[in-house]
Amino acid sequence: MSLAAPLDQQKDPGIKNNNSCHHVIIIGAGPSGSIAGALLTNKGYRVTILERSLFPRFSIGESLLPQCMEFIKEAGMLDAVVNAGFQYKDGASFVRGRKYTDFSFENKFTAGIGTTFQVQRGAFDGLLAQEAERMGVEIRWQQEVLAADFSADRPKLAVRDAAGESLICEADFVLDASGFGRILPKLLDLESPSGFPVRQALFTHVEDRIGAGARFDRNKIRITVHPEHEDVWYWLIPFSNGRSSLGVVARQAFFDSLPGDNKTALRQIVSQDPSLTELLSKAEFDSPVNTITGYSANVRSLYGKGYALLGNAGEFLDPVFSSGVTIAMKSASLAAAVLDRQFKGEAVDWQADYARPLQRGVDTFRVFVDAWYDSRFQDVIFHDKQRPEVKAMICSILAGYAWDENNPYVKNARSRLDTLAAFCRGDRE
């Protein structure tokens, strides 16, 4: 990469130094970037978002959790989201063979919003970005961050714009909300193994044509376990326009044994499950089938001198419980609060005030993701005799409230879940 001048010589005429108002650059205009931008702008700071793409753009992570709505409300965007016409969502349903179970999020243990939406991310992300701009956030589209320098008092980013021109952007602090682009982890060599096996997802959008008499609740995401492989699962996420997001997740070797292109492979895997085959018997597979492999990611640190990582730029677990957008928005809320205190001259500890609190919820989700793939959690949710009070506690986690330590299945997630799974398995045997 060559720039017109070294980082310490270039200037960005579009971002002026102003000692009376701290300035934040956010990399990425996805949910965490837009939420963080709105929160900081509402606190009186100048925020510039550098976004590589033009919106709308396709993304997965389409089934929101109710906890997301708390952060959307905090950012002042709730009315816009509620009135946008997205598919209402009140829970999640699970299917394994002939067993069916569902969770109604309003019957959760934790207080707070109990419903949310299922969204086509192009429209949803665009709406959040539009709301952030309305609040005063400057979004610069088609801006690619090429290099970063955090050695001086003020961070500097080398950026290339849509015309191919290079410039340097300076700020008081940088938040990386670049999602799977993982800009700063790559530039600063922060990446670390995730600890999860390499898995692959095949996914598309279909015109689902699911009839009114089918056993299918459009107000819920549907998770289906493969009839022969309990670590292979499908998602079906209905939208408000008669379309659905359809995907399958498995270890890479599972896909390697399938012939044909992505669309042929996805249709063949769907045909292996009788319930999905019946449900989608009239579906029109009219969109490209995409794939992503090895999506789980981690970093050595979520922050450093002059920067912090938000959402998927820091850590991404797995799509099974739709936790990605929730974690992203939680990170935006936490980081904005810490940064506000820092700018006000208060003593802050990014490890204690940001990384550790964020990680507590991530670790809760991790426990349940691990237990899903070794089928312990599946045995719990498909158990014939579910105790309502325990189901409500688990429902809170599925609704995204993974930071509520009043919930025993958050405070002592691993030991509680291990004990419950052992009971359910013993009762089954």
Which heavy-atom pair separates [X] from [Y] by the least distance, and what is that distance?
X      : Y      : result
His23  : Glu170 : ND1-O, 3.3 Å
Ala111 : Lys108 : C-NZ, 3.7 Å
Asp125 : Pro31  : OD1-CG, 3.6 Å
Ala29  : Ser34  : O-OG, 3.1 Å
Leu65  : Ser323 : CD1-CA, 4.1 Å
Gly28  : Ile49  : O-CG2, 3.4 Å

Got a salt bridge between [X] and [Y], using NZ or NE/NH1/NH2 to carboxylate O under 4.0 Å?
X      : Y      : result
Glu138 : Arg140 : yes
Glu191 : Arg300 : no
Asp353 : Arg341 : yes
Asp208 : Arg243 : no
Arg121 : Glu62  : no
Arg366 : Asp370 : no
Glu144 : Arg160 : yes
Lys263 : Asp261 : no

Checklist entry - Between Phe173 and Phe343, how do the two ring planes meet: parallel, tilted or perpendicular, split at 30° and 60°? => result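 The rings of Phe173 and Phe343 stand perpendicular, inter-plane angle above 60°.
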Next on the checklist: For Trp350 and Tyr354, take the angle between the two ring planes, folded into 0 to 90°, and tell me which bin it lands in: parallel under 30, tilted 30 to 60, perpendicular over 60.
Outcome noted: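 Aromatic pair Trp350/Tyr354 classed perpendicular.
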Checklist entry - Listed by chain and number, what are the side chain to side chain contact (heavy atoms under 4.5 Å, CB included) partners of Glu284, not counting sequence neighbours? => result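 Here the qualifying residues are Glu207, Arg209, Asp286.
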Distance only, no hydrogens: is a donor on one side chain within 3.5 Å (strictly under) of an acceptor on the other, for [X] and [Y]?
X      : Y      : result
Arg96  : Thr101 : no
Thr224 : Arg222 : yes
Asn241 : Gln87  : no
Ser415 : Asn412 : no
Ser63  : Gln118 : yes

Next on the checklist: Between Asp340 and Lys344, is the salt bridge (charged side-chain N to carboxylate O under 4.0 Å, His left out) condition met? List the steps.
Outcome noted: CA-CA 6 Å; Asp340 179 41; Lys344 289 177 177 176; 3.3 Å; yes
Item to check | Candidates Phe321, Phe377, Tyr373 - the one meeting ring-ring contact (aromatic ring centres under 6.0 Å, His included) with Phe368 | outcome: Phe377
Using a 3.5 Å distance criterion without hydrogens, assess whether the side chain of [X] forms a donor-acceptor pair with backbone atoms of [Y].
X      : Y      : answer
Thr204 : Pro288 : yes
Trp403 : Arg360 : no
Tyr401 : Cys395 : no
Gln143 : Trp141 : yes

Below 3.5 Å, can you tabulate the donor-acceptor pairs from side chains in residues 72-86 to any protein atom, sequence neighbours excluded?
{"from": "Glu74", "atom 1": "OE1", "to": "Ser333", "atom 2": "OG", "distance (Å)": "2.9"}
{"from": "Glu74", "atom 1": "OE2", "to": "Ser333", "atom 2": "OG", "distance (Å)": "3.3"}
{"from": "Asn83", "atom 1": "ND2", "to": "Asp79", "atom 2": "O", "distance (Å)": "3.0"}

Item to check | Verdict with reasoning, Val369 to Phe196, per side-chain contact (heavy atoms from CB on, under 4.5 Å) | outcome: CA-CA 10 Å; Val369 169; Phe196 283 120; 3.8 Å; yes
For residues 303-313, tabulate all N or O donor-acceptor pairs below 3.5 Å that involve a side-chain atom, not counting sequence neighbours.
{"from": "Tyr303", "atom 1": "OH", "to": "Gln351", "atom 2": "OE1", "distance (Å)": "3.2"}
{"from": "Lys305", "atom 1": "NZ", "to": "Phe150", "atom 2": "O", "distance (Å)": "3.1"}
{"from": "Lys305", "atom 1": "NZ", "to": "Ala152", "atom 2": "O", "distance (Å)": "2.5"}

Could you give the distance from [atom1] ([X]) to [atom2] ([Y]), rounded to the nearest 0.5 Å?
X      : Y      : atom1 : atom2 : value
Ser245 : His205 : OG    : NE2   : 4.0 Å
Leu246 : Ile237 : CG    : CD1   : 9.5 Å
Ile183 : Arg52  : CD1   : CZ    : 5.0 Å
Ile210 : Asp217 : CD1   : CG    : 11.0 Å
Leu398 : Ser104 : CG    : OG    : 11.5 Å
Glu51  : Ile26  : CD    : CD1   : 11.5 Å

Next on the checklist: Taking the cut-offs as 6.0 angstrom to the six-membered ring centre and 45 degrees off its axis, would you call Lys330 and Phe71 a cation-pi pair?
Outcome noted: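 No, a cation-pi geometry is absent between Lys330 and Phe71.
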Next on the checklist: Using the rule given for side-chain contact (heavy atoms from CB on, under 4.5 Å), can you reason through Leu175 versus Ile25, listing the C-alpha separation, both sets of side-chain angles and the distance that settles it, and then say yes or no?
Outcome noted: CA-CA 6 Å; Leu175 295 174; Ile25 290 177; over 6 Å; no
So [Y] and [X], do their side chains get closer than 4.5 Å, heavy atoms only?
X      : Y      : value
Phe109 : Tyr409 : no
Trp372 : Asp374 : no
Phe55  : Gln130 : no
Gln200 : Phe254 : no
Phe117 : Phe124 : no
Leu184 : Val174 : yes
Asn107 : Phe105 : no
Glu70  : Gln67  : yes

Checklist entry - So Met329 and Ile35, side-chain contact (heavy atoms from CB on, under 4.5 Å) or not? Walk me through it. => result CA-CA 7 Å; Met329 290 184 176; Ile35 293 290; 4.2 Å; yes
Next on the checklist: Test side-chain contact (heavy atoms from CB on, under 4.5 Å) on Val232 and Val248; report intermediate values, then the result.
Outcome noted: CA-CA 7 Å; Val232 178; Val248 62; 3.9 Å; yes
Next on the checklist: The test is side-chain hydrogen bond (donor to acceptor under 3.5 Å, both in side chains); show your working for Thr110 and Asp404 and say whether it passes.
Outcome noted: CA-CA 7 Å; Thr110 305; Asp404 175 18; 2.6 Å; yes
